[in-house]
2 protein chains.
Amino acid sequence: MKESTFKVDCSYCPIKHRAVCARCEPDELEILNEIKYYKPVAAGETVALSGERVDYVASVVSGVASLSKSLEDGRTQMVGLVLPSDFIGRPGRETIAHDVTAVTDLTLCCFHRKPFDKILEELPHVRERLLEMMFDEMDAARDWMLLLGRKTAREKIASFLVLMVNRSTLPKELFIAPVRVDLPISRDAIANFLGLTIETVSRQLTALRKDGIISLEGNREVIIPDFQALKDEAGLSD
Amino acid sequence: MKESTFKVDCSYCPIKHRAVCARCEPDELEILNEIKYYKPVAAGETVALSGERVDYVASVVSGVASLSKSLEDGRTQMVGLVLPSDFIGRPGRETIAHDVTAVTDLTLCCFHRKPFDKILEELPHVRERLLEMMFDEMDAARDWMLLLGRKTAREKIASFLVLMVNRSTLPKELFIAPVRVDLPISRDAIANFLGLTIETVSRQLTALRKDGIISLEGNREVIIPDFQALKDEAGLSD
DNA sequence: GACGCGCATTGATTTACATCAAGGAAATGA
DNA sequence: TCATTTCCTTGATGTAAATCAATGCGCGTC
């Protein structure tokens, strides 16, 4: 099966200010451009499986992907939510230790792994930016550990909504109530993200609704009349 | 209060093969050496607090430290266990987002932060190694998220013991049963690490003992007659 | 329009772990 | 030596979330 892949010019790239290439000079972009190709992935499709060989690393240009790990009996935990500009893959290693799945339709800006490893040695701006992104990801992971280990179901849901708002809304928009967010993932995926069951997610969402903290429009849209009230429910620290 | 700090020659450094400086050439070590100082920290002391300014980054030469985050009401989650050769701090940023505490007496090999940031730009081997260490830490964090979100108390305890064995025992020694481990942290710290209470930790340890998976000698030493049996209890994947 | 299918909600019940409450054992110190 | 403290274990009880089990709702298909 031939994969449909193609190349695109960087100048109109929507993630050029945040992705791993954000700090690059034009000549550096030119070098990256030579090992790059775009790759669409349909919602629901597997991008890579744990332990599997992957011969590229990539930036997410558009769409949402999830990183997850499972126990043999099927219990699954999402260990990362990958949004546009985020980086997928591990340079210098052929395999990854988690599954990567397209949650929505996805556009990846892929770099062949071996030449990318070489570029990492040669282009300081790529390496610098990647290191910074890893530190940010590590901080987010630590916040998530606090959530998974110590927060109640209600706090988990509230934290999740706060995260969704922060990642999809400009800071200044937060002052214009009500805030609206479109949830990018299903109840089931939220449950896997928060270390809960789908039933608990559903119950806590309706509980927050009954308490007037949020209101729901359809299954995917959440309206938040008072963002501070929601943050208070989240136990702070995100 | 004057801090007691001092400098030490790198050639006998016990962590020189794994720390952030592991890939350095002699001339690079020389440069690092100029901004470095040793710093002892007593068990129980705080190394740094969340949000606080820290003017150094450091490698742990000996001892164990913990990274933790708390909610306002006191619930605490350990988000990292820092062992010898591990790196503490965030280059390029003045503050960190978690508390760092000395679990045992600690020896830190500190680098003044600002010159270290500069060195990171200039010495590719440091940057390279740091990036690799961050990826490893990220993988470990993801394993931990799976544990926190989806494992039972018994699996958590077993996973913790497996981790302790893997970090303190050479692979080939695992074939010589029984394996012995010294737990570096108290029950209370284990509870904070695993997202449990101290009582549950205690109960699960005695349950594993009664089932013949482990035996306990004093409060800190664990003997594992059959390491594979313990791994089976851990739900695999560590 | 009726059927099936995939998601989400809601209710009843169970259970794993937390919380509350006592004690025991080893370390520290007068 | 006996307090005192610190750390750990064990037991009784409570509870938050899981599990089990219907039911509802939108949506595409025949």
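A, B, ... follow the sequence lines: proteins, then strands. Residue 1 opens every chain.
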Carboxylate-amine/guanidinium contact [X] [Y], below 4.0 Å:
X	Y	result
A:D73	B:R150	no
B:D99	B:K69	no
B:R167	B:D86	yes
A:K156	A:E233	no
B:R18	B:D136	no

NZ of A:K151 to CG of A:L194, rounded to nearest 0.5 Å, is 10.0 Å

With sequence neighbours left out, the residues meeting side-chain hydrogen bond (donor to acceptor under 3.5 Å, both in side chains) with A:E137 are B:R142

Checking B:I157, B:L161, B:D226 against B:I214 for side chain to side chain contact (heavy atoms under 4.5 Å, CB included), the one that qualifies is B:L161

Name every donor-acceptor pair, under 3.5 Å, that has one atom in a side chain of residues 196-204 of chain B and the other anywhere in the protein, sequence neighbours excluded.
| from | atom 1 | to | atom 2 | distance (Å) |
| --- | --- | --- | --- | --- |
| B:T197 | OG1 | B:T200 | N | 3.4 |
| B:T197 | OG1 | B:T200 | OG1 | 3.1 |

The helix from C:dG1-D:dC30 to C:dA30-D:dT1: angle between terminal helix axes, five bp per end, to the nearest 10 degrees, reads 20°

Check: residues 52-64 of chain B side-chain donor-acceptor pairs under 3.5 Å, at least two apart:
| from | atom 1 | to | atom 2 | distance (Å) |
| --- | --- | --- | --- | --- |
| B:E52 | OE1 | B:L49 | N | 3.2 |
| B:Y56 | OH | B:K39 | NZ | 3.4 |
| B:S62 | OG | B:T107 | OG1 | 3.1 |

5'-most to 3'-most nt of DNA chain D touching chain B (<4.0 Å, heavy-atom partner on protein side) reads D:dC8 to D:dA12

For nucleotides 8-21 of chain C, 5' to 3', base contacts (B), sugar-phosphate-only contacts (S) and non-contacts (-) with protein non-hydrogen atoms under 4.0 Å give SBBBB----SSBB-

